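Note that the structure is a prediction, hence the values are computed from the model and not measured. Starting from 1, each residue takes its place in the sequence as its number.
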Amino acid sequence: MKYLLFLLISYTSFAQNNEFPSAKAEAIVNRIQLPVIPSYQINVLKLGAKGDAVSNNKAAFDKAMALCKKNNGGTIIVPKGTYKINGPIHFVSNVNLKIEKGAKIKFSDKPEDYLPMVLTSWEGTMLYNYSPLIYAYGCSNVAITGEGTIDGEGGKTWKIFKAKETEGKNLSRDMNHNNTPIKDRKFGEGYFLRPQMIQFFNCKNILVENIRIENSPFWCLHLLKSESITVRGVSYQSLNHNNDGIDPEYAKDVLIENVTFDNGDDNVAIKAGRDHEGRANSATPSENIVIRNCNFKGLHGVVIGSEMSAGVQNVFVENCKTVGYLKRGIYLKTNADRGGFIKNVFVRNIQLDEVEDCLYMTANYHGEGKGYQSEISNIHFSNISCNKASESGIVIQGFPEKKIQNISFKNIEIKEAKNALSNENAENVLMTDVFIGKRAGVPSAAK
């Protein structure tokens, strides 16, 4: 009798706690700090920059950043024009790179321009590689704003790196698994690992607002080991290989809102390191991430994983819709190499048009790995609509010895699906007002 009472209390508590916790999401947003930028301003034209789409403006942009550093920060103004830059922009603290309407920064696509190598991360493993095109390391109060465009020129030279990356990719993963010292993980020339377009690494108080991102070599906006981040009003047209829109990794206190995606890969991919490195005691989870009022278009809408070995928790997604096809709407993926956890994920008010799979959770991504199965628990979906799933409406895949736990679906309508529901190795799955396919009407009378 006591055991039955405990079960009833636990079930009641679960049923009550699966509501979208708006107050918790708002508390995250309220504590995120926007960057504070000093009043100093410098226009790149005054430093000899030419917006003629031909001249190399690397020296002018470097000088602008140096002047900001000398003045303890400031705003670099990029007026109308197309500014070719043969090499990366490296941020210092307290700087806003303001790309005005009608302005475009167009990076070169010569790999040698992005040497010497810098400390970075590649698919969840720390290493030295080509510099990201825009790179901020150890900075605070940094921003990229304005209504201009950043073009990564990723569709030519960088594009052919994809077919050649296997050796470097496999070596990086071996180094991860073997705990090779990071100082010895040197890639760059000869290894074909493409750089991210924009990377904030170990930074705090970050704002990326209203810019347009096009044609990235690899991931578009990588938020690595950073916190107190606002990304809003950004638009994308970046359709190359692995062109994720936004990748928070080991990131904390993140707001992503009013973003219009059009990407060749995931729109938002929340990560937290790969395998042994992600499971290290020093690694920290990605947590406290709010995604709201976004328009999805690309491969997948919101993804957690598969590199999530340090764990992902406290993710709130609401009021988003698609403006085109997605392969998967909401996608949680890990495998038995990862370990870690995905927990406390709340998704509500999502409108999807046509997808391959609507809501997909798997602990067996690619069927890979052994020994480090992940915990997936406390995942809640409410008010989700989808016009058509060409494959599956809802998929849940756990392991017999490590089940996915405490999953709720409330007010879900998927109007058409080839396969309605696939649910294996999960427990405590609660469904309330879930319709996949045509809604059943009043039963007809026997004749």
Original post:
Any chance CD of Glu368 has more than 12 other-residue heavy atoms, nucleotides or ligands included, within less than 6.0 Å?
Top reply: yes
Original post:
Is NZ or CZ of Lys402 both nearer than 6.0 Å to the six-membered ring centre of Phe399 and within 45° of the ring axis?
Top reply: no
Subject >> Partner of Ile144 under side chain to side chain contact (heavy atoms under 4.5 Å, CB included), chosen from Asn210, Ile99, Ile206, Leu207 >> reply: Ile99
Original post:
Does NZ or CZ of Lys225 come closer than 6.0 Å to the centre of the six-membered ring of Tyr250, within 45° of the ring's axis?
Top reply: yes
**OP:** Please say whether more than 12 non-hydrogen atoms of neighbouring residues, nucleotides or ligands are located less than 6.0 Å from NZ in Lys159.
**Re:** no
Original post:
Between Asn411 and Ser382, do the side chains contain an N or O donor and an N or O acceptor separated by less than 3.5 Å?
Top reply: no
**OP:** Find the distance between CD1 (Ile379) and CG (Asn344) and round it off to the nearest 0.5 Å.
**Re:** 7.5 Å
**OP:** Look at the aromatic rings of Phe346 and Phe316 and report parallel, tilted or perpendicular, splitting at 30° and 60°.
**Re:** parallel
**OP:** For Trp158 and Gly152, work out which heavy atoms get closest and say how close.
**Re:** CD1-O, 4.2 Å
Subject >> Any donor-acceptor pair under 3.5 Å from Glu277 side chain to Met126 backbone >> reply: yes
Subject >> Residue Lys69 excluded, over 12 heavy atoms near NZ under 6.0 Å >> reply: no
Original post:
Take atom NZ in Lys403; do more than 12 heavy atoms of anything else shown fall under 6.0 Å from it?
Top reply: yes
Subject >> side chain to side chain donor-acceptor pair (under 3.5 Å) evaluation trace for Asn215 with Asn240 >> reply: CA-CA 7 Å; Asn215 206 11; Asn240 298 316; 2.7 Å; yes
**OP:** Could you grab the distance from atom CD1 of Ile246 to atom CD1 of Ile256, nearest 0.5 Å is fine?
**Re:** 4.0 Å
Original post:
Crowded around Glu354 CD? As in, over 12 foreign heavy atoms under 6.0 Å?
Top reply: yes
Subject >> Lys333 atom NZ, over 12 foreign heavy atoms within 6.0 Å >> reply: yes
Subject >> CG on Asn293 to NZ on Lys321, rounded to 0.5 Å >> reply: 10.0 Å
Subject >> Within 45° cone of Tyr372 ring axis and under 6.0 Å: Arg338 NZ or CZ >> reply: no
**OP:** Taking all non-hydrogen atoms of both residues into account, name the closest pair between Ala251 and Ile229 and its distance.
**Re:** CB-CD1, 4.5 Å
**OP:** Answer yes or no: are there more than 12 heavy-atom neighbours, outside Lys297 itself, under 6.0 Å from its atom NZ?
**Re:** no
Original post:
With no hydrogens and no angle check, is any side-chain donor or acceptor of Asn243 less than 3.5 Å from a backbone partner on Phe218?
Top reply: yes
**OP:** To the nearest 0.5 angstrom, please state how far the CD1 atom of Ile76 sits from the NZ atom of Lys63.
**Re:** 13.0 Å
Original post:
Going from CZ on Arg274 to CZ on Arg279, what distance comes out if it is rounded to the nearest 0.5 angstrom?
Top reply: 11.0 Å
**OP:** Test Lys271 against Glu123 for salt bridge (Lys or Arg N to Asp or Glu O under 4.0 Å), laying out the working first.
**Re:** CA-CA 9 Å; Lys271 301 178 181 294; Glu123 290 194 343; over 6 Å; no
**OP:** Fit a plane to each ring of Phe192 and Phe161, take the angle between them on a 0 to 90° scale, and name the class: parallel (under 30°), tilted (30 to 60°) or perpendicular (over 60°).
**Re:** perpendicular
**OP:** On the 0 to 90° scale, with breaks at 30° and 60°, tag the Tyr137-Tyr135 ring pair as parallel, tilted or perpendicular.
**Re:** parallel
Original post:
Roughly how far, to the nearest 0.5 Å, is the CG atom of Leu421 from the CZ atom of Phe409?
Top reply: 7.5 Å
**OP:** Give a yes/no verdict on a cation-pi contact between Arg328 and Tyr360, requiring under 6.0 Å between NZ or CZ and the six-membered ring centre and an angle within 45° of the axis.
**Re:** yes
